[in-house]
Amino acid sequence: MALNATWYDAATGSAPPADAGGRGGTVAPGDVVQNVAGVDVAYDRSGRWCAAAAAILSWPHLRVVGEAVRLGPVEAPYRPGDLAAREAGPILGALRDVAPPPDLVLVDGHGLAHPRRRGLACAVGEGIRVPTVGVAKEPLVGRWAPPLSARGAWAPVQDQGEMVGAVVRTRADVKPVFVSVGWGLTLTEAIRWILRLSPRYRLPEPLRAAHAWAGQALRKAPALTNAVLCD
DNA sequence: GCGACAG
DNA sequence: ATCTTGTCGC
């Protein structure tokens with residue numbers, strides 16, 4: 001399926017799309033999405049170790065066709081607004097190892113819906129140069145009106161006079177998720193992809209798969225992690 | 001100064 | 001994020 005991302009040609013000076021957050025995509029028109037990645041990071045109780053997972057699902061079958069998990073020490077404390085410093089490194093590491101390479105990446109967190117328009121999804125996209133969408137379970141900035149209760153309903157999230165994302169109802173009568181552009185595509189496309197990738201649950205399948213992988217990797221190999229990283 | 005604050 | 005079983009409902 002075509003990604004339909006908007007092309008911004010810096011050379012010719014054509015203007016970036018209004019909903020690209022002032023940052024044009026660099027994905028060539030006609031690109032087809034065959035593999036979608038979901039990335040997530042899990043932490044152990046002590047808060048010393050973490051597992052970053054990248055799950056690759058085929059489109060449109062949504063079958064898991066690849067996965068990679070990177071275990072390592074937590075390098076930065078949690079700071080609202082600075083998640084990238086804590087998770088971008090591990091996530092990019094997992095994405096570098098996973099196969100097949102994704103055409104679209106879903107990130108657990110915000111993209112442009114961030115105080116400085118530099119959420120985790122933006123950092124991941126700039127790192128791999130592949131379109132990314134930020135999907136957060138909780139708001140970080142902005143104001144919005146609650147979307148209708150039907151699946152597919154959504155409302156814009158505005159902050160400082162800018163539309164930085166959307167509140168999307170991926171499942172009827174269930175708390176909506178916050179969607180924002182990470183890198184390389186428009187908000188409209190981001191919303192459509194999130195809905196297509198969330199046929200049954202609140203969160204899109206790629207993120208559910210990544211969450212599961214990260215979690216099980218962390219509690220399934222604590223001894224291994226300890227042996228490799230401590231001695 | 002006070003409150004809010006993704007994962 | 002993480003600590004955690006059962007339970008109500010489709």
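Below, chains carry the letters A, B, ... as their sequence lines are ordered, and counting in each starts from 1.
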Quickly work out the [X] [atom1] to [N] [atom2] distance and round it to whole Å.
X: A/Y78; N: B/dA4; atom1: OH; atom2: C1'; value: 11 Å
X: A/D40; N: B/dA6; atom1: CG; atom2: C1'; value: 12 Å
X: A/D108; N: B/dG7; atom1: CG; atom2: C1'; value: 7 Å
X: A/L106; N: B/dA6; atom1: CG; atom2: P; value: 20 Å
X: A/E138; N: B/dA6; atom1: CD; atom2: C1'; value: 8 Å
X: A/D44; N: C/dT2; atom1: CG; atom2: P; value: 9 Å
X: A/L120; N: B/dA6; atom1: CG; atom2: P; value: 13 Å
X: A/L218; N: B/dG7; atom1: CG; atom2: P; value: 18 Å

Is the backbone of [Y] close enough, under 3.5 Å, to the side chain of [X] for a donor and an acceptor to pair up by distance?
X: A/R143; Y: A/Q158; result: no
X: A/D159; Y: A/M163; result: no
X: A/T132; Y: A/W183; result: yes
X: A/R169; Y: A/V174; result: yes

What does [X] touch in the nucleic acid at a heavy-atom separation under 4.0 angstrom: a base, only the sugar-phosphate, or nothing?
X: A/G134; value: nothing
X: A/A113; value: nothing
X: A/Y43; value: sugar-phosphate
X: A/D82; value: base
X: A/P115; value: nothing

Legend entry - Closest to side chain of A/H110, choosing from B/dA6, C/dC3, B/dG7: B/dA6
Legend entry - Among B/dA6, B/dG7, C/dT2, the nucleotide that comes nearest once only the side chain of A/R86 is considered: B/dG7
Legend entry - Phosphate OP1/OP2 of B/dG7 contacted by A/K137 side-chain N/O (<4.0 Å):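 A/K137 to B/dG7 OP1/OP2: side-chain N or O found under 4.0 Å.
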Legend entry - side-chain contact (heavy atoms from CB on, under 4.5 Å) assessment of A/V69 paired with A/E67: CA-CA 7 Å; A/V69 178; A/E67 57 79 22; 4.0 Å; yes
